Number of protein chains: 2
Amino acid sequence: MSRANLRDVAERAGVSVRTVSNVVNTPDVVATTTRERVQRAIEELGYRPNIAARQLRRGRGDVIGLVVPEIDSPYFAELAAHVVRAAEELGWTVLVEQTDGDPARERDLLDGARGHGVDGVVFSPWSLTPAEVSRRAGAPPVVMLGEQAGFGHVDRVAIDNQAAAREATTHLVASGRRRIAAVGLQPHLSNETARHRRAGYREALAAGGLAVDTALEVPVDRLHHADGVRAMEALLDLAEPPDAVFCFTDQLALGALRACATRGLRVPEDVALVGFDDIEAGRYSVPALTTVAPDKQRLAELALATLAERIADRSLPGRDLVVPHTLVVRESAPA
Amino acid sequence: MSRANLRDVAERAGVSVRTVSNVVNTPDVVATTTRERVQRAIEELGYRPNIAARQLRRGRGDVIGLVVPEIDSPYFAELAAHVVRAAEELGWTVLVEQTDGDPARERDLLDGARGHGVDGVVFSPWSLTPAEVSRRAGAPPVVMLGEQAGFGHVDRVAIDNQAAAREATTHLVASGRRRIAAVGLQPHLSNETARHRRAGYREALAAGGLAVDTALEVPVDRLHHADGVRAMEALLDLAEPPDAVFCFTDQLALGALRACATRGLRVPEDVALVGFDDIEAGRYSVPALTTVAPDKQRLAELALATLAERIADRSLPGRDLVVPHTLVVRESAPA
DNA sequence: ACGTGGCATTGCAACGTTGCAAACTGGGTA
DNA sequence: TACCCAGTTTGCAACGTTGCAATGCCACGT
C-alpha cells in the first residue's frame, strides 16, 4: 500500500476531497463532527500532505536555499544555525549548498540552489563579481551576505567590514604595537570582504602614524587554520617580524596562535593577535582571542526578513542593510 | 511576465511541449536542429523547470533531510559538509533541520523533516528512545547515525563507540595515568552514544587494573566548551584530582584544556586529555588534542548509500553498518 | 511503386493539491 | 407559507511536468 492521499481519506471518512483539504488547512470552517471524523481517518491512514502537489498548486514551497562556501567553517556553521532557526520562525525550511568558494559553482548556485524550487536564496559569496549577479530571469530572489558591493538591484546584508577592521587595528595601535601585520588577503579571488578589511586596516595604520608595509600584508590561499599557520610562520621568518597580527578570520588567528606556540613565542607578550568572526572556539582558546564579533543572529534574522519582503514584492528597490558589530577584547590582545 | 514554462518554450520554438521536455531530460533522442532551436528558446525565455511539478510527476524530488542536534557544533558541521558533498554526488540536495537535542523536536522531525517532501532522512539523534522510532506510516525512509541501538528495522550507521572509547582510555592507562576521569555523560537524555563510551572507558579501566570511581565520571548538561570548563573545574576541585581526562567530545576537551590553563595546570604534564571527534580546532589547539577520529567522510557516504538503497527498496531488512575510526595521538596525551 | 524499419515527434492523461464559486442544509424571519 | 441567510459541503479546473504509446516521417531495399 502506497502513501495515502486526500482521496483515500475522503473515501474513508465519507466526505469529499475538498472537505478533507479544508480540515487540513482551515479546520475552523468545517463542522466539528465532520472534522473529527476526518481527523480520525487521517490518523488511521497515516495521511501526510504531498508537499510537491501543494507547492505546485500554491506556487511556493516554504523552502529557502542557503549558499555558503563551506558549511564546516565555524563562522558559516554558526551563521547557518541562526539562519535555520530564524527560518523556522518564518515557516521556512533551509536547503544548504556549498560552493567551496569556486566561482563557477557560485554562479550556478546563484541561479537558485541547483534549481531546487526554493522560494528564495541567502547567498554568501566569496569570489563572485558584481557583473555576475545580473540577468537572472526567473530565478528566485536573493539576499547577499557580506561586503560584495555594487549589486545595486540586489538586497545585501552585512556588517561594516571596513569600520570593524579599522577598530580592530586601532586597538592594536592603541596598545602600543608598532609593527602590525594583516593576514587574510585572497588576491586570487575577487573577495571584496577581504579588500574592505584591508582598507580598514590601512586606515587605522595611517591614523596611528604607521606606514603600510606590504611585506606585512600576507595573502592566504584559503581561510583555514593551516593557512594561518603558514602565514604566521612566514611573518616570523621576516627580518623584522611583527609585534601584532590582525587576522581576517578567527580560524586564521587560531592557526597563527598555534604557529606562535610552536615557535616558542608568547601571545600577547611577544605578539598580539586579533581575529574576526567571534567563533566559539576563539572564546576558549589559550589565550582567548580578541576579535570582531558580528551580530550573527541579527544578520540571519535581517537577511530572512529582507528575503521575505522581497518575495512578497519583487519590484522593491535593492537595499543595503548594515548589522552591528563589536570588538571583543580578550587575552590575545588586551588593552 | 511570470516564469516561463514548457508550453511557452514550445510555442516559441514551434514544437510540442513533449519535445521541449525531451530536450531538457533526454537531449539525445531529439534531432540536432530541433534541439538547438529549442535550446535557443529556452535561453531566450530563461526557462527553468518547475521542480514541484517534476517532483509531483516523478514521485521524487532528489532532496533529503539531514536532522542534527545543532549544525554549529563542529562535529555536526563537518559531518554536514561531508553529507552535502556526498549527496551532491548522488544528485541530491540537502535540507537541514536542528533539534537542539529536544526529544519532542526529534520526534517530530523524524516523521520527515517537517513534512517537507524529502525522499529520505539522515537522522542524528540525541535523546530518542528506540520505542519512538516506529509506526511511521507514510514517512520517508530514515538512516540513523550514532549508537542508538535496538531499532531493528531501521538502518543505522556508526562507529564502534565502545571500542573507540576503550582504545582512548587504554592509551591513557598505557602512558602511566592512574586516575582517569570521564567527562560527557548526559544522564538527563537517553543518550546511547554516551552510554557506550562510558562502557568502553570502564572496560579499559578494568583491563588496566583500575577501579571505577564514579566521582570521576562527570555528567554534563550539553556538549559545548563551557560544559567542558565546568566539568574540568569540578574535577580539579576534588580532593584527589585526576591525572588524565577522557572527554566524550573534542569540544568538551577544548573546554577542559582551557580550564586547565586558567588554573595553571600543564597539559599533558599535570593532566593528560583525550577528546573524541577529531574536529579541526583540536588539531591546532595548544597543545593539540589526542582524540578518536571517526571516518566522517566514510560515515556520510555510507549513510547516503544506505539511504539510496532503502529508497530503492523499502522492504530491505534493517542494517547495522560500522564505520572505521582511529586514535590520533597528539600532544595533549602523548605516548 | 510499395512495404519495412528506425528515428523523431506528438497527444493524452495523470501525479495530489487547492482556488473559486456554486450548491446544499437548516433555522429564523416577513 | 415563502424566503433568506449563515454555515457547510461540494465539483470542477488548473498548477507544470513526464510516462506511455501512438503517429509521422524518411530512406532504404525489393
Side-chain angles (χ1 to χ4, degrees), chain A residues 1-39 41-42 45-63 112 115-119 137-140, chain B residues 1-39 41-42 45-63 91 112 115-119 138-140:
Chain A
M1 48 115 220
S2 162
R3 198 165 137 171
N5 60 23
L6 280 184
R7 211 179 40 178
D8 300 328
V9 177
E11 252 166 48
R12 177 155 197 135
V15 296
S16 76
V17 168
R18 199 60 185 77
T19 296
V20 181
S21 174
N22 283 336
V23 170
V24 173
N25 296 291
T26 51
D28 41 313
V29 311
V30 181
T32 312
T33 56
T34 314
R35 183 169 60 234
E36 281 166 358
R37 188 152 35 96
V38 171
Q39 267 158 349
I42 287 177
L45 295 176
Y47 167 77
R48 345 192 79 255
N50 180 314
I51 299 301
R54 176 177 283 178
Q55 178 172 357
L56 173 59
R57 187 61 246 240
R58 288 183 175 170
R60 62 197 167 74
D62 297 332
V63 176
H116 268 290
V118 295
D119 295 346
Chain B
M1 49 112 219
S2 162
R3 199 166 137 170
N5 60 24
L6 280 184
R7 213 181 36 178
D8 301 327
V9 176
E11 251 166 48
R12 176 155 196 134
V15 296
S16 76
V17 168
R18 199 61 184 77
T19 296
V20 181
S21 174
N22 283 336
V23 169
V24 173
N25 295 290
T26 49
D28 42 312
V29 311
V30 181
T32 312
T33 57
T34 314
R35 183 169 59 232
E36 283 166 358
R37 188 151 35 96
V38 171
Q39 267 158 349
I42 287 177
L45 294 176
Y47 167 78
R48 347 191 77 258
N50 180 315
I51 300 301
R54 176 177 285 177
Q55 178 173 356
L56 173 59
R57 185 62 245 240
R58 287 184 176 167
R60 61 197 168 76
D62 297 331
V63 176
H116 268 290
V118 295
D119 295 346

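Please read all numbers here as calculations on a predicted model, not as lab measurements. So that the names make sense, note that chain A is the first sequence line, chain B the second, and so on, each numbered from 1.
Inter-residue side-chain proximity for V20(B) and V17(B) is flagged as unmet; no heavy-atom pair is nearer than 4.5 Å.
The nearest heavy atom of DNA chain C to G14(B) and to A53(B) marks one nucleotide each, and the one closer to the 5' end goes with G14(B).
No donor-acceptor pair closer than 3.5 Å links the side chain of R12(A) to the backbone N or O of I42(A). R3(A) contributes a side-chain N or O that, together with a main-chain N or O of P49(A), makes up a donor-acceptor pair within less than 3.5 Å.
Computed from coordinates, the R35(A) CZ to dT9(D) C1' distance equals 14 Å when rounded to whole Å. Separating the CZ atom of R48(A) from the P atom of dC15(C) is a distance of 21 Å, rounded to the nearest angstrom. Between R7(A) atom CZ and dC12(D) atom C1' the separation is 15 Å, expressed in whole Å. Nucleotide dC15(C) holds its C1' atom 16 Å from the CD1 atom of I51(B), rounded to whole Å. Rounded to whole angstrom, the span from the CD atom of Q55(B) across to the P atom of dG16(C) amounts to 12 Å. Regarding R37(A), its CZ atom lies at a distance of 11 Å from the C1' atom of dT9(D), rounded to whole Å. Going from atom CZ of R60(B) over to atom C1' of dT17(D) covers 13 Å, rounded to whole Å. As rounded to whole Å, 22 Å separates atom P of dA13(C) from atom CZ of R58(B).
Distances from the side chain of N5(A) to the nucleotides dG11(C), dG16(C), dT18(D) place dG16(C) closest. Of the listed nucleotides (dT10(C), dT9(D), dT17(C)), dT17(C) has the atom at the smallest distance from the side chain of Y47(A). Set against dT10(C), dT18(C), dT17(D), the side chain of L6(B) has dT17(D) as its closest nucleotide. When the nucleotides dT10(D), dC15(C), dA8(C) are ranked by their closest atom to the side chain of A31(B), dA8(C) comes out on top.
A pairwise comparison of heavy atoms in V30(B) and T34(B) identifies CG1-CB, 3.8 Å as the closest pair. Taking both residues in full, the closest heavy atoms of A13(A) and A41(A) are given as CB-CB, 3.9 Å, listed atom of the first, atom of the second, then distance.
Regarding contacts with the backbone of dT18(D), a side-chain N or O of S21(B) is found under 4.0 angstrom from either OP1 or OP2. Phosphate contact (OP1/OP2 of dG16(C), side-chain N/O of N50(A), threshold under 4.0 Å): absent. Residue T34(B) places at least one side-chain N or O closer than 4.0 Å to OP1 or OP2 of dT9(C). Under 4.0 angstrom from either OP1 or OP2 of dG11(D) there lies no side-chain N or O belonging to R18(A). OP1 or OP2 of dT10(C) sits under 4.0 Å from a side-chain N or O of T19(B). For dT18(C), one of the phosphate oxygens OP1 or OP2 lies less than 4.0 angstrom from a side-chain nitrogen or oxygen of R54(A).
Contacts of N22(A) with the nucleic acid, taken as non-hydrogen atoms under 4.0 Å apart, include base atoms.
At most 12 non-hydrogen atoms from other residues, nucleotides or ligands lie less than 6.0 angstrom from CZ of R7(A).
At a cut-off of 3.5 angstrom, the base of dT18(C) holds at least one donor-acceptor pair with the side chain of R57(A).
Taking five base pairs at each end of the helix from dA1(C)-dT30(D) to dA30(C)-dT1(D) and finding the rotation axis that steps the C1' atoms of four pairs onto the next four gives two axes whose angle is 70°, to the nearest 10°.
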Side chain to side chain contact (heavy atoms under 4.5 Å, CB included) between N5(A) and N50(A), intermediate numbers included | CA-CA 8 Å; N5(A) 60 23; N50(A) 180 314; over 6 Å; no
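Note that CG of N22(B) is 11.5 Å distant from CZ of R35(B), once rounded to the nearest 0.5 Å.
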